[in-house]
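For reference, the structure is listed below as structure tokens.
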Amino acid sequence: MTTGLRKGLTSYGDPGFSLFLRKALIKSMGYSDDALDRPIVGIANTASDFNPCHGNVPALIEAVKRGVMLSGALPLVFPTISLGEPFCHPTAMFLRNLMAMDTEEMIRAQPMDAVVLIGGCDKTLPAQVMAAVSVDLPAIVLPTGPMVAGHYRGEVLGACTDCRRFWAAHRAEHIDAGEIEQISGRLAPSTGTCGVMGTASTMACLMEGLGLALPMSASVPANQADRLRLGESTGRRAAQLAVDGAPKPSALITKASIRNAMVVLQAIGGSTNGLIHLTAIAGRAGIRLDLNEFNELGRRVPVLVNVKPSGAHYMEHFHYAGGMPALLRQVAPHLDLAASVVAGGTLRDTLACGEEVPGQDVIRPLDAPLASQGAMAVLYGNLAPDGAVIKQSAASPSLLRHTGRAVVFDSLQDLTKRIDDPNLDVRPDDILVLRNAGPKGAPGMPEAGYLPIPVKLARQGVKDMVRISDARMSGTAFGTIVLHVCPEAAVGGPLALVRTGDRIALDVEARRLDLLVDDAEIQSRLAAWKASPPDRELPLRGYAKLFEDSVLQANEGCDFDFLLGRKCP
Ligand code: FES
């Protein structure tokens with residue numbers, strides 16, 4: 001088998017010359033023949049001044065390189081797109097597939113025998129793993145790690161669950177402009193990903209659950225020495241992967257490991273985004289994630305991790321309580337422990353890692369869970385024929401069964417214009433509906449599903465309302481929020497037909513979401529909708545056109561249709 005620098009020679013029609021030229025040019029950087037004869041570990045560099053969650057990537061790269069070289073291989077670092085969640089317009093999700101394509105093609109094009117994927121901020125790890133699954137080169141994930149918790153007036157806080165909580169208090173005029181500015185300096189006290197169980201932490205936990213990262217990778221704080229030691233260990237392991245040529249992602253991403261990841265997602269109180277990304281990762285492996293199975297697991301696997309937004313603590317506390325190995329020990333009865341892991345061996349070996357921490361309250365046992373059911377429920381009904389998702393663990397229990405009058409916003413622009421209008425006809429028991437904010441509609445399915453409480457109700461003390469949309473929401477958000485309604489309004493899903501004043505019934509226990517309008521009326525509205533094109537400009541060129549033409553719905557992972565694994569039905 002061709003390895004190292006001899007892999008994937010540039011096509012000049014003369015392989016000998018291709019290798020000669022490649023060596024001649026790389027020698028300009030001072031490499032010896034000995035170094036250039038070694039197996040090569042590529043290291044994906046996602047450092048960017050626009051991505052503060054990756055602020056420690058340069059130090060991690062040095063640690064990984066040390067590990068690779070201590071094991072006798074040659075590390076070569078290469079750049080890829082990096083996506084800092086609050087720095088991407090219209091939303092980082094719009095660019096996830098672009099990052100996946102970039103990463104996939106650069107792994108494929110350049111001569112490497114294994115790859116270390118250093119990612120963290122929400123869309124980066126999903127994009128990198130989607131890429132690795134498609135290339136099927138041995139790969140190991142190194143998350144950047146969560147930031148530590150902050151403190152303000154004796155209160156522990158962190159990005160970004162508390163960002164939302166304090167901002168809501170500011171909107172309700174309980175916190176003034178000076179104080180909210182002061183708080184903004186306390187919410188993110190170190191580099192690393194958001195310090196709660198948001199999308200980044202969810203994806204990092206799923207990496208351990210899928211067996212793609214070393215034990216404890218999800219939780220070691222980004223600014224600690226152990227994070228660098230983890231980088232060195234990851235480099236060492238990557239060198240071995242490069243020599244062995246195994247295990248490849250195809251041996252790790254299987255029906256069993258995807259199911260294990262679904263168990264983890266329910267038990268950690270994970271982000272709703274995690275479900276979309278896991279669906280996309282599975283799709284690259286030709287596996288269709290079964291939402292009914294996910295729902296079924298949600299009834300049996302309770303939330304065990306007492307971390308915000310579902311619980312009370314922060315990711316660093318999850319780490320000190322034993323991290324993912326401790327969680328996996330608790331949910332072991334629901335896992336397939338024979339699933340292979342990148343560290344070598346099986347998930348059963350991971351259970352033995354990490355410490356037992358007596359008296360901790362962050363990782364609960366199955367018989368004393370944080371919530372009796374899993375984090376998420378998938379809802380079906382005439383408003384969501386292909387499903388919608390609610391994070392029930394972060395919702396108000398009193399609203400999980402609720403019938404109310406719809407107050408409809410046609411788009412993000414419409415929402416911005418009218419939500420705080422003092423003349424808006426809205427009551428606390430109404431249901432706020434946002435549409436045309438799905439994968440195609442917005443585009444990119446922004447994290448707009450956390451509709452703000454209309455300011456006139458917020459001032460009255462209203463903290464939660466049922467909100468329904470075809471958008472996503474940040475994993476750090478909370479509330480009784482129904483997301484990912486499929487099909488989305490922009491492609492004629494039933495959400496497009498709702499009118500202000502209609503009644504909608506939400507019943508999470510029954511897994512139902514229904515528009516209480518009779519069928520004949522729905523059909524006549526549908527006929528009228530078809531007659532009028534969606535009120536949005538369609539892109540004519542570039543990546544936006546590719547996105548418009550190819551993006552799949554949320555229940556299919558929002559991947560591009562032409563990127564799914566060949567075996568995917
Ligand atoms: Fe990057 Fe939260 S903004 S992880």
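Atoms within each ligand, like the ligands themselves, are counted from 1 in listed order. We count residues from 1, following the sequence as given.
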Parallel, tilted or perpendicular, as decided by the 30° and 60° cut-offs, for the rings of Phe560 and Tyr543: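 Ring orientation, 0 to 90° scale: tilted.
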
Whether Trp167 and His170 hold their rings parallel, tilted or perpendicular, with breakpoints at 30° and 60°: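 Geometry flag for His170 against Trp167: tilted rings.
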
2.8 Å cut-off (strict), protein N, O or S atoms about atom 2 (Fe) of ligand 1: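 N, O or S atoms of the protein closer than 2.8 Å: 1.
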
Donor on one side chain, acceptor on other, His277 and Arg96, under 3.5 Å: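 A pair is found: one side chain offers a donor N or O, the other an acceptor, under 3.5 Å apart.
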
Distance-only side-chain donor-acceptor flag, Asp464 / Thr480, under 3.5 Å: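 Per modelled atom types, Asp464 and Thr480 side chains form a pair under 3.5 Å.
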
Residue among Met324, His313, Gln360 satisfying side-chain contact (heavy atoms from CB on, under 4.5 Å) with Phe318: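 Exactly one option meets the side-chain contact (heavy atoms from CB on, under 4.5 Å) with Phe318, and it is Met324.
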
Side chain Gln266, main chain Ala375, donor-acceptor under 3.5 Å: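 Yes; judged by distance alone, with no hydrogens or angles, the pair exists.
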
